Amino acid sequence: MKRKNKNKLNTNNTNVFKEGMKDGIPIALGYLAVSFSLGISARSAGLNAFQGFIASFFTNASAGEYAAFTVIAADAPYFEMLVVTLIANARYLLMSCALSQKIPSELPWYHRLLIGFDVTDELFGITINRPGKFNPYYTYGAMILATPCWATGTMLGIIAGNIMPARLVSALSVALYGMFLAIIIPPCRKNKAVALVIMVSFALSYLMYSLPFLSAMSSGTKTIVLTIIISSAAALLFPIKKEGTEQNDA
């Protein structure tokens with residue numbers, strides 16, 4: 001009887017794993033395209049194809065990696081790179097906290113560790129929105145495609161950057177900025193506060209790079225200072241109301 005239940009459980013996990021792989025295909029293809037542009041930035045920072053693959057495989061974060069590559073290109077110290085990456089990836093801490101509420105208490109620690117290894121916006125989205133009982137094998141199915149594709153895209157971007165003419169490489173480096181625009185424009189259209197914060201961040205970034213006494217700061221330090229100041233001010237000026245508070249106000 002125990003063996004029959006175990007076989008049934010293994011079959012169920014296999015089916016769930018396949019479902020995760022199916023849902024992870026479009027994410028993997030998107031990662032391959034986006035990380036290719038990231039590879040151009042990694043090449044500019046002096047990374048070779050193998051280093052870029054390893055960096056993307058173990059980081060898997062567009063904004064965080066771009067910030068890290070910028071700091072590497074500026075020859076900044078390791079501590080500064082650590083702080084910049086931590087700040088750029090801080091949202092994943094919130095996603096992990098939200099995802100932990102769906103994870104059953106009896107799930108072993110090693111499953112939690114593996115899931116936490118690759119909490120990205122897209123993988124978090126499909127995992128948190130999947131109906132029914134949480135099963136880690138669904139996330140594993142999506143991860144097994146998404147993570148290698150992200151790392152491979154970065155590697156291919158570096159290889160292509162070493163082969164292509166300088167003008168074409170310079171043109172492709174703009175593609176990463178297009179990705180960031182695609183990320184920020186939809187929230188700006190829905191929320192005026194977000195649009196205002198982004199415009200203020202653009203203005204302050206320009207001042208940081210233009211004013212003589214501020215331009216001397218390294219790019220990593222500028223990113224840290226601006227992120228802390230702007231995010232703190234936004235949290236104080238535009239707090240997000242809870243649903244219960246909005247209902248009481250109504």
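When reading the values below, keep in mind they use all heavy atoms of this one structure, side chains included, and skip hydrogens, waters and symmetry mates. Every value quoted in this text rests on a predicted model; they were computed, and no experiment measured them.
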Legend entry - Transitive ILVMFWY side-chain link Leu113 to Phe124, under 4.5 Å: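 No, Leu113 and Phe124 fall in different hydrophobic clusters.
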Legend entry - Same cluster (ILVMFWY, side-chain, under 4.5 Å), Ile72 and Phe79: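 Both belong to a single hydrophobic cluster.
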Inset, instruction - Could you pull out all residues at least two apart from Ile159 that satisfy side chain to side chain contact (heavy atoms under 4.5 Å, CB included)? - result: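 Residues passing side chain to side chain contact (heavy atoms under 4.5 Å, CB included) with Ile159: Ala49, Met155, Ile163.
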Legend entry - Candidate pair Tyr137 and His111, rule side chain to side chain contact (heavy atoms under 4.5 Å, CB included), full reasoning: CA-CA 9 Å; Tyr137 288 92; His111 281 296; 4.0 Å; yes
To the nearest 0.5 Å, how far apart are [atom1] in [X] and [atom2] in [Y]?
| X | Y | atom1 | atom2 | value |
| --- | --- | --- | --- | --- |
| Ile54 | Thr154 | CD1 | OG1 | 11.5 Å |
| Asp118 | Leu123 | CG | CG | 5.0 Å |
| Asn12 | Asn135 | CG | CG | 6.0 Å |
| Met81 | Leu86 | CE | CG | 12.5 Å |
| Thr152 | Leu32 | OG1 | CG | 7.0 Å |
| Leu114 | Met143 | CG | CE | 6.5 Å |

Inset, instruction - Return yes if a side-chain donor-acceptor contact under 3.5 Å exists between Asn60 and Thr120, otherwise no. - result: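 Asn60 vs Thr120: no donor-acceptor pair found between side chains.
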Inset, instruction - Would you please say whether a donor-acceptor pair under 3.5 Å links the side chains of Ser56 and Ser35? - result: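 There is no such pair (donor and acceptor under 3.5 Å, judged by atom type) between the side chains of Ser56 and Ser35.
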For [X] against [Y], the heavy-atom pair lying closest together:
| X | Y | value |
| --- | --- | --- |
| Ile128 | Ala98 | CD1-O, 3.9 Å |
| Ile158 | Ala42 | CD1-CB, 3.8 Å |
| Phe69 | Ala45 | O-CB, 3.4 Å |
| Leu107 | Pro136 | CD1-CG, 3.9 Å |
| Thr59 | Ala55 | OG1-O, 2.7 Å |
| Ile126 | Ala142 | CD1-CB, 3.8 Å |

Legend entry - Residues clustered with Leu82, ILVMFWY side-chain links under 4.5 angstrom: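 The other cluster members (ILVMFWY side chains, heavy atoms under 4.5 Å, direct or chained): none.
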Inset, instruction - Using the test ring-ring contact (aromatic ring centres under 6.0 Å, His included), find all partners of Tyr92 that sit at least two apart in sequence or belong to another chain. - result: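 Expected list: none.
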Inset, instruction - Mind checking ring-ring contact (aromatic ring centres under 6.0 Å, His included) for Phe58 and listing every partner two or more places apart, or none if nothing turns up? - result: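 Once residues adjacent in sequence are excluded, Phe58 has no partner under the ring-ring contact (aromatic ring centres under 6.0 Å, His included) criterion.
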Inset, instruction - Could you tell me whether the side chain of Ser210 and the main chain of Leu207 form a donor-acceptor pair under 3.5 Å? - result: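 The answer is no, because no donor-acceptor pair under 3.5 Å joins these two groups.
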Legend entry - Any donor-acceptor N/O pair, Glu80 side chain to Pro77 backbone, under 3.5 Å: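 Such a contact is absent between Glu80 side chain and Pro77 backbone.
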Inset, instruction - State which residue, out of Asn89, Val83, Val84, fulfils the side-chain contact (heavy atoms from CB on, under 4.5 Å) condition with Ile87. - result: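 Result for side-chain contact (heavy atoms from CB on, under 4.5 Å) with Ile87: Val83.
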Inset, instruction - Look at atom CG of Asn129 and say whether more than 12 heavy atoms of other residues, nucleotides or ligands are closer to it than 6.0 Å. - result: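 Yes.
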Inset, instruction - Describe, in one word, how the ring planes of Phe57 and Phe53 are oriented to each other, choosing from parallel (under 30°), tilted (30 to 60°) and perpendicular (over 60°). - result: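 Phe57 and Phe53: parallel rings.
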Which atom pairs, one a donor and one an acceptor, fall under 3.5 Å between side chains of residues 16-26 and the rest of the protein, sequence neighbours left out?
| residue | atom | partner | partner atom | Å |
| --- | --- | --- | --- | --- |
| Glu19 | OE1 | Arg130 | NH2 | 2.7 |
| Asp23 | OD2 | Tyr138 | OH | 2.5 |

Legend entry - Test log, rule side chain to side chain contact (heavy atoms under 4.5 Å, CB included), inputs Trp150 and Leu38: CA-CA 10 Å; Trp150 180 263; Leu38 191 66; 3.6 Å; yes
Legend entry - salt bridge (Lys or Arg N to Asp or Glu O under 4.0 Å) contacts in which one or both residues fall within residues 51-65, not counting sequence neighbours: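 Passing the test, one end in residues 51-65: no pairs.
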Legend entry - From CA spacing to verdict: side chain to side chain contact (heavy atoms under 4.5 Å, CB included), Phe134, Ile115: CA-CA 12 Å; Phe134 176 84; Ile115 294 169; 3.4 Å; yes
